[in-house]
There are 2 protein chains.
Amino acid sequence: MAKKIVLPPDAFLDVCPSRNVLARVGQKWTVLAMVALHAEPMRFGDVKRRLQGVSQKMLTQTLRAMERDGLVERRLYDERPLRAEYALSPLGRALLPLVAALKSWAEESLPAVEASNRAYDRKLARKHARVHGL
Amino acid sequence: MAKKIVLPPDAFLDVCPSRNVLARVGQKWTVLAMVALHAEPMRFGDVKRRLQGVSQKMLTQTLRAMERDGLVERRLYDERPLRAEYALSPLGRALLPLVAALKSWAEESLPAVEASNRAYDRKLARKHARVHGL
DNA sequence: TCAATTAGGTACCCGAAAGTAACCATATGG
DNA sequence: CCATATGGTTACTTTCGGGTACCTAATTGA
């Protein structure tokens, strides 16, 4: 039997499963949920209140997916009423600085991005007027 | 007229447009395209070959969106045949370290994530068997 | 003359992501 | 008795990201 050669993952290759990992971080609520959990474990309702506009279903779905990927740990306490706590796992804590930086970058760059959007749209409108008819 | 109070962007708020910025970075090909352009300007075809599996339409769409957001600059040279070069803008270069780290994290964490997936699925299967019927 | 390269654009379609609404159980407060 | 809170699940629907296929238009090589 020939020795199996193991290549390091490379997301540039279309067969590479690391693309899936990348895709999951790209889910709508994942980054925000991670940042919400940055400091201490939070209860479901607390996270929900933090992520304004998230529906119950989507938050459950997001947290479940993160749990499945090993980014968060879910602890369900058998109390009445129920109590569920979510905390970043070691893997999640390793990812946290990256996504937190991403969120911060998005907030800081918002003015620049919006200005660029407007400039692009104006340029496109001028071109359209020139070509299509003024 | 009352003085307008300007709050800093906060992606936790559901009205905050920074969420859109975050969403665009989460698009399937954006991160890979940015990393591909990390070193030097590249031509359309070069980027396409680098991002294995990307369709021509999606690459155009991705690069256009990035251009509109001010992440890349597109230079079209009037040569025969046409030549188009894409380069990271200053804004894009500021974002590059973050998305590059994200891509690296995805590649490095792939084994851990896959192991976590398997463990989670096994646990879920056991629970299903216990509840539904063995 | 035919094919391939350059860099796109457009029409059409599917499946996944996301949202809405309803339901469940248990418990406390009015 | 009803509303609230806890933490979900399920069904249904809609949106849209992403894909394939086919088109342009100019130029080069076989």
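Every chain is numbered from 1, with letters handed out A, B, ... down the list of sequences.
For the salt bridge (charged side-chain N to carboxylate O under 4.0 Å, His left out) test, residues two or more places apart in sequence or in another chain that qualify with B/Glu107 are B/Lys103. Judged as a salt bridge (charged side-chain N to carboxylate O under 4.0 Å, His left out), and not counting sequence neighbours, the contacts of B/Asp46 are B/Arg49. Applying the salt bridge (charged side-chain N to carboxylate O under 4.0 Å, His left out) rule to A/Asp14 yields no partners; only residues at least two apart in sequence or on another chain are considered. In this structure B/Arg75 satisfies the salt bridge (charged side-chain N to carboxylate O under 4.0 Å, His left out) test together with B/Glu73, sequence neighbours excluded. With sequence neighbours excluded, the residues that form a side chain to side chain contact (heavy atoms under 4.5 Å, CB included) with A/Asn20 are A/Pro17, A/Arg24. With sequence neighbours excluded, the residues satisfying side chain to side chain contact (heavy atoms under 4.5 Å, CB included) with A/Glu79 are A/Tyr77, A/Arg83.
Against DNA chain D, the stretch residues 31-42 of chain B makes no heavy-atom approach under 4.0 Å. Residues from residues 64-75 of chain B placing a heavy atom under 4.0 Å of any atom in DNA chain C, listed by number, are B/Arg64, B/Arg74.
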TODO: Scan nucleotides 17-30 of chain C nucleotide by nucleotide, 5' to 3', and note B when protein non-hydrogen atoms come under 4.0 Å of the base, S if they reach only the sugar-phosphate, - if neither.
DONE: SBBB-----SS---
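Looking at the side chain of B/Ala84, the nearest of the listed nucleotides D/dG7, C/dG9, C/dA7 is C/dA7.
Nucleic acid contact for A/Tyr77: none, since no nucleic acid atom lies under 4.0 Å from a heavy atom of the residue.
Distance A/Leu59 CG to D/dT9 P: 11 Å, rounded to the nearest Å. Going from atom CG of A/Asn20 over to atom C1' of D/dG18 covers 15 Å, rounded to whole Å. Put simply, CD on B/Glu79 is 12 Å from P on D/dT28, counting in whole angstrom units. One can place CG of B/Asp46 at 13 Å from P of C/dT5, the figure rounded to the nearest angstrom.
Of the side-chain N and O atoms in A/Arg49, one or more sit less than 4.0 angstrom from OP1 or OP2 of D/dT6. Close to D/dT6, at under 4.0 Å from its OP1 or OP2, lies no side-chain N or O of A/Arg43.
Sorted by first and then second residue, the side-chain hydrogen bond (donor to acceptor under 3.5 Å, both in side chains) pairs involving residues 87-99 of chain B (not counting sequence neighbours) form an empty list.
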Task: Derivation of the side-chain contact (heavy atoms from CB on, under 4.5 Å) call for A/Leu32 and B/Arg19 - done: CA-CA 9 Å; A/Leu32 294 180; B/Arg19 284 191 177 177; 3.7 Å; yes
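With side-chain heavy atoms closer than 4.5 Å counting as contact, directly or through intermediates, the hydrophobic cluster containing B/Leu13 also holds B/Val15.
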In a table with atom names and distances, give each donor-acceptor pair under 3.5 Å that connects a side chain of residues 53-63 of chain A to protein atoms at least two apart or in another chain.
{"from": "A/Ser55", "atom 1": "OG", "to": "A/Met58", "atom 2": "N", "distance (Å)": "3.2"}
{"from": "A/Thr60", "atom 1": "OG1", "to": "A/Gln56", "atom 2": "O", "distance (Å)": "3.0"}
{"from": "A/Thr62", "atom 1": "OG1", "to": "A/Met58", "atom 2": "O", "distance (Å)": "2.7"}

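The closest donor-acceptor contact from the side chain of A/Asp69 to the backbone of A/Leu71 lies at 3.5 Å or more, if one exists at all.
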